[in-house]
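What follows is a set of notes on a single structure, which appears directly below.
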Amino acid sequence: MADSIIRCEGVTRTFGKRTALDNVTLTVEPGRCFGFLGPNGAGKTTLIRCILGLARPDGGRITVRGFDIGRDPAAALARIGAIVEEPRFYGYLSGRQNLELWAAYVGDGALARVPALLTRVGLDERSGDKVSAYSLGMRQRLGVARALLSDPELLVLDEPTNGLDPDGVAEFRVLIRSLVEQDGRAVFVSSHLLDEIEKICDDLAIVNQGRVITSGTLADLLAAGGRELTIECDDAARAESVLRALPTVTAVTRSAAGTLSVQLAPDSPETRAGVNRKLVEAGLDVSRLEPREDSLEERYLSLVREAGQA
Amino acid sequence: MIAVARADLRRMLARRGLILASVLVPVAIVLVLAAVLMFLHTRNAVDHPTVGGDSFFSFVSLLGIISVVFGTVIGAIFGAEDVASGTLRYILLTGFSRLRLFLTRIPVLAIVAIGVALPAFVLLLIGALILPHAGEPSVTASDVGRLLLSLVLNVGIYALIAYGIGVAIRSTGGAIALALGLNLIGISLFNLITRAVPGVEPWLLDSALTRVSDGGDTSIAITIVALIVWPGVFLAIGLVRALRTEA
């Protein structure tokens with residue numbers, strides 16, 4: 001855990017009476033894509049601004065690459081690239097001129113990386129055009145190229161697919177995964193688009209009203225959700241009563257066609273084989289038993305509702 | 001810092017509309033003046049014996065006002081643009097500090113603002129030397145040096161004041177409007193009002209700039225201090241804002 005590329009401990013930020021971040025604690029590991037998921041206004045951009053030293057938290061501590069962002073921002077930011085809110089450029093300069101300008105700020109051989117980065121984000125043919133003539137998707141890709149100028153260990157992307165068309169979203173997804181899988185970089189991506197997070201992230205945290213309501217690997221989060229089994233057998237009514245008697249079953253519904261939907265408790269140790277065994281032991285002939293895990297959307301909505309009720 | 005200053009200079013020069021207007025409008029005014037005077041001279045050389053010479057070169061004061069306007073616009077844009085357009089945060093994310101950014105841009109701005117004023121000055125000087133000026137005193141090297149220094153100081157100081165305002169205001173349009181209002185009216189009005197206070201006059205910006213262009217008996221030291229303090233105050237306001245503002 002000492003090697004976490006981002007570590008937020010008890011980060012709090014308020015705007016007047018409104019608490020934008022409430023005791024946020026999370027870690028991002030190197031070489032992983034971390035999704036920061038939450039509804040609009042949940043505090044995603046505020047946390048990103050604090051991580052990047054663009055805003056100061058009222059409480060808590062943030063370290064980036066092991067450096068305290070408040071005390072040693074230059075060291076913390078030395079190998080970080082980011083897109084915050086939206087990529088902004090000088091519209092009267094071309095894409096290449098913009099990158100060359102930022103390369104001067106970055107220093108450290110960044111200028112030499114400009115041609116390769118333009119190729120990587122697929123903008124080499126349009127690099128001489130003024131940025132004011134670029135589509136949003138092109139500006140996003142140019143934003144990624146700018147973020148890569150410092151050859152960063154970590155990329156922080158705030159709602160990177162906002163406003164992109166489906167092709168643009170698909171291209172962007174491939175680009176982000178390549179940054180993680182081919183380059184071994186860590187990517188911290190915030191979004192309110194569940195589908196995007198599910199497709200590109202390894203780990204995630206869900207934030208609502210400034211609070212992190214859960215965090216961990218995507219696989220663990222989905223596995224921790226309610227699990228459902230679809231069952232068909234020769235006697236649905238008797239099967240229903242057998243299943244209702246099981247302590248790990250939270251709900252059973254029977255369709256008119258006799259198909260049973262069985263909800264297992266999230267932390268239930270019950271396995272598919274275990275349920276099947278109970279039915280067989282009761283003398284039932286099971287013809288279909290199909291598991292279905294919660295989608296990220298279902299998990300997200302359930303967690304956000306629970307947090308809202310709490 | 002030199003690489004950044006060079007890149008920033010290239011960026012400013014890439015604003016072709018602004019730069020061309022800043023160069024060509026004063027040049028056009030000089031050319032129109034010369035054309036009108038030549039026309040009058042050609043029509044009636046008795047009443048209008050002189051086109052060039054010292055009297056033509058004295059239009060440098062008009063050139064000064066026009067150049068101050070453009071210097072102010074350039075300074076205000078230079079100061080406000082990055083916050084207004086959202087590019088400041090991306091500069092800060094490179095690790096380049098706010099203080100270095102603020103300081104790096106001062107010489108870049110001075111080069112651009114003064115540089116765009118020079119072609120018209122050179123044209124005015126050429127006109128003064130080559131246009132007919134029978135009976136008029138010739139332009140001396142000392143005049144050229146004094147008026148060039150005056151133009152450089154006028155444009156440079158007002159551009160720096162506008163830069164400080166631009167950084168503080170953070171909106172390009174607002175910064176241009178405020179800086180123009182302050183530079184063209186506000187400071188002169190302030191100078192006019194406070195002139196009545198005994199002992200204040202030599203310290204006023206107008207007085208110090210006049211001391212450079214027209215001479216006078218005010219102490220050189222006071223003039224130099226006034227020329228440093230006036231833009232210094234506005235730069236300090238801009239710097240405080242630059243260090244505190246969230247990008």
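Naming: A, B, ... by sequence-line order, numbering from 1 per chain.
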Inspect the contact between [Y] and [X] and indicate whether a charged nitrogen and a carboxylate oxygen are less than 4.0 angstrom apart.
X        : Y        : answer
A:Asp183 : A:Arg177 : no
B:Asp8   : B:Arg105 : yes
A:Glu86  : A:Arg88  : yes

Side chain, backbone, both or neither: which part of [X] has an atom under 4.5 Å from a heavy atom of chain B?
X       : answer
A:Arg79 : neither
A:Ala55 : both
A:Leu52 : both

Subject >> Which atoms of B:Tyr90 approach chain A - backbone, side chain, both or neither, heavy atom under 4.5 Å >> reply: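 Both backbone and side chain.
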Original post:
Where does B:Leu88 contact chain A at under 4.5 Å (heavy atoms): side chain, backbone, both or neither?
Top reply: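 Contact with chain A involves no heavy atom of B:Leu88 at all.
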Subject >> Aromatic ring proximity B:Phe102/B:Tyr163, centre distance under 6.0 Å >> reply: yes
Original post:
Just checking, is any N or O donor in the side chain of B:Thr87 or B:Asp82 under 3.5 Å from an acceptor N or O on the other one?
Top reply: yes
**OP:** Please determine, by modelled atom types, if A:Thr63 and A:Asp68 share a side-chain donor-acceptor pair under 3.5 angstrom.
**Re:**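 Looking only at side-chain atoms, A:Asp68 and A:Thr63 do not form any donor-acceptor pair under 3.5 Å.
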Among [options], residue most engaged with chain B (heavy-atom pairs, under 4.5 Å):
options                               : answer
A:Leu111, A:Val84, A:Val106, A:Val156 : A:Val84
A:Ile80, A:Ile83, A:Leu149            : A:Ile83
A:Ala76, A:Gly107, A:Ser150, A:Pro87  : A:Pro87

Original post:
B:Arg6, B:Arg11, B:Arg89: which one forms the most heavy-atom pairs within less than 4.5 Å of chain A?
Top reply: B:Arg11
Original post:
Relative to chain A, which of B:Gly95, B:Ala3, B:Ser85, B:Ser97 shows the most heavy atom pairs under 4.5 Å?
Top reply: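 The answer is B:Ser85.
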Original post:
Is a side-chain donor or acceptor of A:Trp102 paired with a backbone partner of A:Ala110 at a separation under 3.5 angstrom?
Top reply: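 Between the backbone of A:Ala110 and the side chain of A:Trp102 there is no qualifying donor-acceptor contact (under 3.5 Å).
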